[in-house]
Amino acid sequence: MQQPLPNQVDVGIVLGASLRQDTPSPGLQERLDLAVDLYKQGRFKHVIVSGGLDHNGSKLTEAEGMRNYLVAKGVPEKQILLEPRATSTYENLLFSKQIMQENGLVSSIIVTHRYHSARSLDIAETIGLQQPVVSSIRSEVLFMPYHDTRETLAYTKWYGTKLLLKLGIPVSEAAFSHFGW
């Protein structure tokens, strides 16, 4: 899913993936490289990097590792906002929305992989981001049969969760974080 991008929005939201020894994994680097390209094109002035602490031995949160990567690629640190708590796509977007509200940011481009874009957009619309747009990249490094299958399961879980939210049934954030979906 590739949407036409607006010329400029307030913020790019880069959804976390994983770190390897405090460095973004090759898949996460693909997302971050796309964010750098969009930033340098002037599509947004601020970047939210969203992701909590991996339980794989990393000492940095995904957000901190992502910030470090972006700074090394030339994005000024003062333009980067950290969201260091999220452990799922739902939390990535929900917590990023809170950061946007706190900083007077309204419009956004969500940066992720193509296989992950439809669910990310649906979550963004469901939580009330204003006219969210997704910019996505096809992975050259991920084992896609695994990720496509995992995404199908995650989307199915999201539809159930979305139904509960629409019915007004409280859904624990912990329910989202078991698999990082």
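Under a hydrophobic clustering in which Ile, Leu, Val, Met, Phe, Trp and Tyr are joined whenever their side-chain heavy atoms come within less than 4.5 Å, directly or via other members, L34 and L142 fall into different clusters. Clustering ILVMFWY residues whenever any of their side-chain heavy atoms sit less than 4.5 angstrom apart, transitively, puts I80 in a cluster other than the one holding L53. The cluster map of Ile, Leu, Val, Met, Phe, Trp and Tyr, joined by side-chain heavy atoms under 4.5 Å apart, puts L94 and Y159 in the same cluster.
Annotation: E125, atom CD; neighbour count of heavy atoms from other residues, nucleotides and ligands within 6.0 Å is above 12. Annotation: Q131, atom CD; neighbour count of heavy atoms from other residues, nucleotides and ligands within 6.0 Å does not exceed 12.
In terms of the side chain to side chain donor-acceptor pair (under 3.5 Å) criterion, S108 has no residue partners (sequence neighbours excluded). Partners of E151 under the salt bridge (Lys or Arg N to Asp or Glu O under 4.0 Å) rule, at least two apart in sequence or in another chain, are R119. Evaluation of the salt bridge (Lys or Arg N to Asp or Glu O under 4.0 Å) rule for D37 yields no partner, not counting sequence neighbours. Applying the side chain to side chain donor-acceptor pair (under 3.5 Å) rule to K73 yields no partners; only residues at least two apart in sequence or on another chain are considered. Under the side chain to side chain donor-acceptor pair (under 3.5 Å) criterion, S96 pairs with no residue, sequence neighbours left out. Partners of H113 under the ring pair (Phe, Tyr, Trp, His ring centres under 6.0 Å) rule, at least two apart in sequence or in another chain, are Y115. Shown here are the side-chain contact (heavy atoms from CB on, under 4.5 Å) partners of L163, two or more places apart in sequence or in another chain: L167. In this structure, T156 has no side-chain contact (heavy atoms from CB on, under 4.5 Å) partners at least two apart in sequence or on a different chain. Looking at residues two or more places apart in sequence or on another chain, you find no side chain to side chain donor-acceptor pair (under 3.5 Å) involving R67. Not counting sequence neighbours, the partners of K162 by the salt bridge (Lys or Arg N to Asp or Glu O under 4.0 Å) test are D122.
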Pairs of donor and acceptor atoms involving the side chains of residues 99-106, under 3.5 Å and at least two apart or interchain, shall be tabulated with distances.
residue: N103; atom: ND2; partner: I99; partner atom: O; Å: 2.8

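Other residues sharing a hydrophobic cluster with Y146 under the 4.5 Å side-chain heavy-atom criterion for ILVMFWY residues are F143.
Between T89 and S120 the shortest heavy-atom distance is CG2-OG, 3.9 Å. Closest approach of V47 and L70 over heavy atoms only: CG1-CD1, 3.9 Å.
Of the residues listed (N56, D54, T61), the one engaging S58 in a side-chain hydrogen bond (donor to acceptor under 3.5 Å, both in side chains) is N56, and it is the only one.
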